[in-house]
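Scroll down for the structure; my scribbles are underneath it.
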Amino acid sequence: MTDAPTLLWLRRDLRLADQPALAAAIGEGAIVPVYVLDDETPKHYAMGGASRWWLHHSLASLDADLRAVGSRLILRRGKCDAVLAELATETGANRVHCIRHFEPWWRNAERAVAKRLDLICHDGNYLAPPGSITTGSGGQYKIFTPFWRALQQQMPPPAPLPKPSSIPAPAHWPRSERLNEWGLLPTKPDWSTGFGADWSPGEAGAHHKLNGFKRHAATYGETRNLPSVEGSSRLSPYLHFGEVSAAQVWHAVAGAGGSVDTFLGELGWRDYAQTVILQLPDYGSRNGRPTLDTLPWRTGPDAAADLKAWQLGRTGYPIVDAGMRQLWATGWMHNRVRMITASFLIKHLLIDWREGERWFWDCLVDADYGSNAVNWQWTAGTGIDANMFVRIMAPLVQSPKFEAGDYIRQWVPELAQVRGEAIHDPDEAGCRPAAYPPKIIGHRAARERALAAVKQAH
DNA sequence: CTTCTGTTAGT
DNA sequence: CTAACAGAA
């Protein structure tokens, strides 16, 4: 037994319960938990604005939770391998525990840290260790359904580890930077005023959300596609930042009955996205199917203006605008509406899916490299999972089909007074308020333009 | 045991 | 169209 503490390197695993890296470190003596704010390692994928808002509150919550069990969170900035090496020298630590991550930049960073220090990576953020589910011939799955069938054979996941009642502290704490000086919260202007009503980042907030969801998990399959109804779990940001583990969620809801299997499938998609970025690390920027590399996406001033209209929720399609405004106001968008807005950008506006991926990356509190890339490429039809570009979603059909009226009234104030079914297409119903923009392009014309473009690509 | 080939399915 | 599997070669 030596006095040398062990470093606990935290990233997207900001919890104390079911935290295998923490559990392993506790067995070795004193622990220095550290979060490194590192924008250099992810480069283009440095956290976006909404994620930074979440991170700020999550780190504050984690520090309080750590202090309640005799520890604290050390904050440092810089390139993670250099910062960890420096902290190891300062504290005399010779070992680092972390939970393994699969974003390509984290895989590189783990290799870089392992060159300088004794780094031990643990699995624990996914239902099964990504890469461990293989096809009959030993390869990695490319399609969701067979992957999910194979993953279910390995379920349930191991029972979650308990939260430690105390964490051994080092004799001397190294210095920590101050969270308030990191500038993670928006100031000029503060666009986050609408975030707090929906979210309380941190482990306690995650479990509060999970406990609330347990009560309606059995009807998830019937209500999840209705944006006017609170049918989804809203666990995505908590899962992304690791404030609750997938195994904890599984064990909490698996016995709920009803259509809870539909929800468990969504956890499966989360694991699936990791196997995709393991196989194709640049999936966030490169088409899974190179046949669509030649698709003539619109560029230039007109396309830029259309992109702006989409971002601001001023396309003249109520369901699209409601979704984009919910995203801007709260850092989150209902999943059905994510599909509709994404499809609209790609096919109606014929703008490169990477522009949408980037906007979601900046605006979502649950922005996740793997899930975001998989979902955008699925919608674009460029992904390794089959979905045809020529299948074009009709937003004005989706909107009544999923009863989005009240959702539109909530998020598009110009339309709040429109009654009945006219809400889905006030232009067509002849009751469009002057303050609400006309359609940016007609559905028929957009469809024909998209089909012509994909014909040209082949 | 490996490779080929036909069948089924793809939220 | 391709992935994945099962059964054949």
Side-chain angles (χ1 to χ4, degrees), chain A residues 126-128 130-155 217-227 229 231-233 235-236 239 246 249-250 253-254 258-280 283 286-295 333-344 346-347 353 368 370-395 397-398 401-402 450-451 453-458:
Chain A
Y126 295 94
L127 292 174
S132 69
I133 306 292
T134 51
T135 66
S137 52
Q140 290 290 312
Y141 283 99
K142 293 181 165 56
I143 304 294
F144 173 73
T145 303
F147 169 78
W148 176 230
R149 272 197 278 268
L151 176 58
Q152 280 173 292
Q153 299 301 307
Q154 308 299 315
M155 295 294 101
T219 56
Y220 177 82
E222 293 79 60
T223 57
R224 65 168 187 148
N225 275 319
L226 308 177
V229 174
S232 59
S233 74
L235 285 168
S236 53
L239 280 163
V249 174
W250 178 288
V253 304
S259 54
V260 71
D261 284 357
T262 309
F263 176 74
L264 297 179
E266 299 305 316
L267 284 182
W269 273 94
R270 214 175 140 267
D271 275 44
Y272 168 72
Q274 300 305 304
T275 76
V276 173
I277 61 169
L278 264 176
Q279 298 174 69
L280 301 166
Y283 207 62
R286 172 173 256 136
N287 286 338
R289 281 169 208 275
T291 44
L292 281 175
D293 284 354
T294 53
L295 201 131
M333 197 197 303
H334 189 279
N335 186 59
R336 167 59 46 183
V337 190
R338 291 189 197 195
M339 288 195 259
I340 296 169
T341 55
S343 172
F344 188 85
I346 295 163
K347 295 174 186 175
W353 63 267
D368 182 276
S371 296
N372 205 27
V374 162
N375 288 323
W376 275 98
Q377 292 229 42
W378 182 82
T379 301
T382 57
I384 53 170
D385 46 349
N387 184 27
M388 303 286 96
F389 183 94
V390 295
R391 300 186 73 172
I392 295 171
M393 202 176 242
V397 174
Q398 292 277 312
K401 183 175 175 189
F402 295 108
L451 292 175
V454 76
K455 198 172 276 181
Q456 201 181 318
H458 291 137

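Numbers restart at 1 for each chain; the letters A, B, ... are given by sequence-line order, proteins then strands. Hydrogens, waters and symmetry mates play no part in the numbers below; they use all other heavy atoms, side chains included.
- Defined by atom type and a distance below 3.5 Å, a donor-acceptor pair is missing between the side-chain atoms of Thr275(A) and Gln140(A).
- For the side chain to side chain contact (heavy atoms under 4.5 Å, CB included) test, residues two or more places apart in sequence or in another chain that qualify with Val390(A) are Met388(A), Leu451(A), Val454(A).
- Using a 4.0 Å heavy-atom distance criterion, Trp148(A) is classed as making no nucleic acid contact.
- For the atom pair CD (Glu222(A)) and OG1 (Thr262(A)), the distance works out to 7.5 Å, reported to the nearest 0.5 Å.
- Atom CE of Met388(A) is separated from atom P of dC1(C) by 9 Å (rounded to the nearest Å).
- Applying the side chain to side chain donor-acceptor pair (under 3.5 Å) test to Arg286(A) and every residue at least two apart in sequence or in another chain returns Asp282(A).
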For this session: Assign a letter to each nucleotide of nucleotides 2-9 of chain C from its 5' end: B, base within under 4.0 Å of a protein heavy atom; S, sugar-phosphate only; -, no contact.
Result: SSSS----
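- The distance from atom CG of Leu292(A) to atom P of dC1(C) is 14 Å, rounded to the nearest whole Å.
- Using modelled atom types and a 3.5 Å distance limit, the side chains of Arg336(A) and Gln398(A) yield a donor-acceptor pair.
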